[in-house]
Amino acid sequence: MKIFIYLLMLLAAIIIIYNFTLLDFNDLLGDRSALALIGIVSAICVIVLMAILLTAKAIEKKHKE
């Protein structure tokens with residue numbers, strides 16, 4: 001499970017990098033740039049949620065001991 005979570009975080013980071021290359025800084029609210037911004041925000045959400053899940057798993061493990 002831990003490897004899967006890290007893999008998801010890695011894929012989200014790759015998606016952030018890819019979407020960052022699609023941004024047009026002269027027209028951030030254009031069609032392509034808006035989709036890229038949505039992709040970046042959603043990938044950041046995935047990373048945050050997976051970090052919370054990892055923290056919760058660590059707390060659960062310590063609580064059982």
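This chain uses plain numbering: 1 for the first residue, then up along the sequence. Hydrogens, waters and symmetry mates play no part in the numbers below; they use all other heavy atoms, side chains included.
A chain of hydrophobic side-chain contacts below 4.5 Å, direct or via other Ile, Leu, Val, Met, Phe, Trp or Tyr residues, connects Ile40 to Leu28. In this structure, Phe4 is a member of the same hydrophobic cluster as Tyr6, with clusters built from ILVMFWY side-chain heavy atoms closer than 4.5 Å.
Taking all atoms of both residues into account, the shortest heavy-atom contact from Ala12 to Ala43 is O-CB, 3.5 Å.
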What side-chain donor-acceptor pairs closer than 3.5 Å can you find for residues 19-26, not counting sequence neighbours?
| unit_1 | atom_1 | unit_2 | atom_2 | d |
| --- | --- | --- | --- | --- |
| Asn19 | ND2 | Ile15 | O | 3.4 |
| Thr21 | OG1 | Tyr18 | O | 2.4 |
| Asp24 | OD1 | Asn26 | N | 3.4 |

Review item, side-chain donor-acceptor pairs of residues 49-65, under 3.5 Å, at least two apart:
| unit_1 | atom_1 | unit_2 | atom_2 | d |
| --- | --- | --- | --- | --- |
| Thr55 | OG1 | Ala51 | O | 2.9 |

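Other members of the cluster containing Ile14 are Leu10, with ILVMFWY side chains joined at under 4.5 Å, either directly or via other members. Hydrophobic cluster membership of Ile17, counting Ile, Leu, Val, Met, Phe, Trp and Tyr whose side-chain heavy atoms lie under 4.5 Å apart directly or via other members: none, as it forms a cluster of its own.
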Using side-chain contact (heavy atoms from CB on, under 4.5 Å), reason through Ile47 and Ile16 one step at a time and then give a plain yes or no.
CA-CA 10 Å; Ile47 290 174; Ile16 289 172; 3.8 Å; yes
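The ring pair (Phe, Tyr, Trp, His ring centres under 6.0 Å) pairs that include a residue from residues 26-54 number zero, where partners must be two or more places apart or lie in different chains.
Judged by distance alone, the side chain of Ser33 and the main-chain N or O of Gly30 form no donor-acceptor pair under 3.5 Å.
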